[in-house]
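Below: one structure, written as structure tokens.
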Amino acid sequence: MKPERSQINADIRGYILENLLFSNDGSDLADQASLLELGVIDSTGVLELALFLEVQFGISVRGEDLLPQNFDSVDSMSDFVLRTLASAPAAKA
Amino acid sequence: MCGIAGFVGVKHGPDASGELLRRMIETLRHRGPDGFGYFVGDGIGLAHARLAIIDLATGSQPVRNERGTVWTVLNGEIFNYLELRRMLEALGHRFYTQSDTEVIVHLYEQYGDDFVDHLNGQFALALWDGEQRRLLLARDRTGIRPLFHAGTGGMLWFGSEIKALLAALPQLGVLDPRGVAQAMTYWGVISPDTVFQGVQSVPPGHVLVVEADGRRSLRRYWDWVFPDCRDGHVQRPFGSMDEAAGALRELLIDAVRLQLRADVAVGAYLSGGLDSSAVVALVRHFTTNPLRTFSVAFEDAEFDESGFQARVVSHLETEHTTLHCTRRDIGEAFPRLIEHAESPLLRTAGVPLMLLAAHVHDRGFRVVLTGEGADEVFGGYDLFKEAKIRRFWARQPSSTWRPLLLRRLYGYLDHSPVANAAMARSFFGRGMEHGDRPVFAHMPRWSTSQRALAFFSPSWRAEVQGWDPLTSLEETLPSSIAGWSPLARDQYVEAHTLLSAYLLPMQGDRPAMAHSVEGRFPFLDHRVVEFGNRLPDHWKIRGLNEKYILRRALAGLLPEDIRFRVKQPYRAPDHSSFFFGGEPLDYVADVLGTDSLREAGYFDPGRVGRLFDKCRRGDAVGFADNQAFVGILSTMLLHRQRVRRMPVP
């Protein structure tokens with residue numbers, strides 16, 4: 001069963017808060033906030049996030065996917081995850 | 001090399017003054033284990049801890065003039081003392097020692113406060129003029145030797161390290177959040193600030209004078225100065241690059257010759273890079289000094305340069321030893337480095353150098369030459385090249401190929417998200433609109449390191465609220481910088497931040513002096529700096545080839561693969577030095593525990609705990625996390641050592 005968008009957002013936000021912002025305060029990060037502009041992530045931060053998305057959601061992140069529009073905010077990452085899941089072949093039952 | 005301490009305007013009886021001086025200088029015994037010397041007068045005290053290097057028989061300090069009216073204590077070396085002595089003797093001055101220190105009192109008699117202009121050396125000194133009842137504190141041009149002071153008006157205490165001041169004024173043991181914020185942003189605190197409230201440093205190239213009536217003046221006698229390039233002015237100090245390279249070679253030979261002056265054996269550090277190899281090659285080819293070299297090697301291939309070191313050793317036939325340094329060695333010795341550094345650090349790189357100094361000391365050496373300074377003078381850092389690309393790119397911000405030049409600079413980018421042009425624009429393209437600001441080159445570095453400030457506690461965050469590291473630094477810059485070339489601007493900022501606030505104290509003076517070893521830096525001979533500053537940018541960085549003219553000047557002296565080796569920044573393992581098998585070293589768990597953090601009050605225990613767990617898991621892979629971890633750990637160690645005064649194992 002594919003996860004709901006709200007759950008994806010919550011998972012990604014939780015990961016960023018815990019591992020990149022080191023915070024437990026959800027108000028520290030809005031889903032639309034630009035992580036690049038805020039300086040929350042650098043190039044290794046993007047790699048950390050890509051690894052997290054692969055492990056958490058079972059997707060494969062390709063080099064050409066590492067674009068600002070896919071990784072700049074919680075929302076954009078959720079969009080990317082949902083798009084990737086939708087385009088992936090359906091898992092066998 | 002030595003340690004100095006003292007006071008002025010403090011009225012004690014002779015016994016109490018002597019006792020105070022003894023307490024202060026005792027803290028600097030590691031800098032000068034060969035004996036203490038004192039001068040005590042009415043309201044004045046000078047103390048000296050001696051590391052005997054020149055004039056072993058009669059070189060004790062303090063040193064006086066003929067009439068006993070001028071006294072000085074010196075930490076460091078005056079390399080041109082033989083020439084100065086000849087000149088002063090011809091003018092009628094009489095000397096009673098063979099030491100370099102004695103030229104200072106006679107130069108002062110001859111030239112007054114301008115005596116510093118005549119010194120070629122690395123020094124921090126105090127000079128007392130008993131007739132005028134004035135004290136001068138002076139520091140070398142680039143900040144090689146440290147000098148701190150505290151007190152107000154006519155009362156002042158000074159010392160080579162802050163611990164000497166704390167011995168006299170324990171109430172100064174309070175950390176200043178703004179100082180710590182500077183250390184965690186610029187990698188070091190910009191002089192005259194320090195991380196201790198009420199403690200200041202004498203800035204490099206300055207003389208601080210305390211007059212008899214308590215008036216103080218701080219005068220800059222030297223600075224890094226570059227040609228004005230406005231109005232199409234072109235720098236043409238030489239007819240050709242070959243002519244300049246030849247002149248540079250002659251100058252470097254003379255700088256090395258001067259810096260070999262000592263009455264003890266002089267060795268050299270050899271990293272395997274261009275700069276230290278150049279110094280060793282100059283010693284080999286142009287002096288008769290026996291060649292003894294020392295290196296550090298790492299178990300991690302990412303940091304190790306021993307293959308290059310072996311290449312140079314074989315080529316120059318030096319007698320060489322290598323200290324093998326493990327991650328555990330670094331983690332266990334880190335508290336000792338902080339004991340000496342007296343500042344938060346963002347890197348562990350000083351630890352291997354401190355361990356190497358112990359190794360050098362154990363082999364009977366007190367003086368080593370190193371290659372420090374060449375990157376600042378001749379444009380060696382990636383930061384300079386990165387800024388060059390970013391400025392080139394800023395001229396056509398929509399260009400898709402210009403940012404890809406960054407991949408030539410950082411090979412690892414081929415395997416990172418930044419291999420993608422759009423991502424490169426996101427990371428390196430930030431702040432492009434600030435291309436004309438003197439801090440343009442340093443903005444990416446500082447924005448990475450400054451992320452550590454997010455770990456401050458609410459009260460410390462409030463203390464640094466509104467502090468802008470960019471404008472704050474720009475306020476310290478000379479107005480003439482606007483007319484300098486882009487590289488010159490970057491070099492100036494680098495010399496006044498990373499070099500003088502981090503590299504020279506934290507990877508130079510403090511780690512070496514922890515074991516009574518004096519580092520000497522021929523590339524920071526002020527004549528070499530002034531020579532480099534006159535050269536056009538493209539002679540220093542040609543295309544993206546750094547230190548181009550230096551490589552030309554060294555033709556025939558080094559193996560070609562070393563002469564044209566691309567710079568590998570010196571680094572050591574950071575957070576991985578503190579965790580083994582997922583477990584922290586005992587003291588790390590102790591000082592970063594919740595109770596410890598809460599007691600100190602500097603950091604948010606929750607945030608630090610999450611970073612701690614990330615490091616423990618081995619997931620902290622980026623510079624920002626590593627720097628924050630080392631910065632927090634070192635601040636907490638400093639708190640234990642200097643604020644709480646508790647021993648750390």
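Labels below follow one simple rule: chain letters A, B, ... track the order of the sequence lines, proteins then strands, and each chain is numbered from 1. Because only heavy atoms are used, hydrogens play no part in the values below, and waters and symmetry mates are left out as well, while side chains stay in.
Of the residues considered (B:D604, B:L611, B:V608), B:L611 shows the highest number of contacts with chain A, using heavy-atom pairs under 4.5 Å. The candidate with the highest count of non-hydrogen atom pairs below 4.5 Å against chain B, out of A:I41, A:L36, A:D72, is A:L36.
Residue contact with chain B, scored on non-hydrogen atoms closer than 4.5 Å, involves the side chain of A:E48 exclusively. Looking at A:N70, there are no atoms closer than 4.5 Å to chain B (heavy atoms on both sides), in backbone or side chain. Only the backbone of B:D619 comes within contact range of chain A, with at least one heavy atom under 4.5 Å from a heavy atom of that chain.
The contact list for residues 13-26 of chain A toward chain B, using heavy atoms and a distance under 4.5 Å, reads A:E18, A:N19, A:L20, A:L21, A:F22, A:S23, A:N24 by residue number.
Heavy-atom contacts from other residues, nucleotides or ligands closer than 6.0 Å to CD of A:E37 number 12 or fewer. For B:D300, the CG atom is densely surrounded, since the number of other residues' heavy atoms within 6.0 Å is greater than 12.
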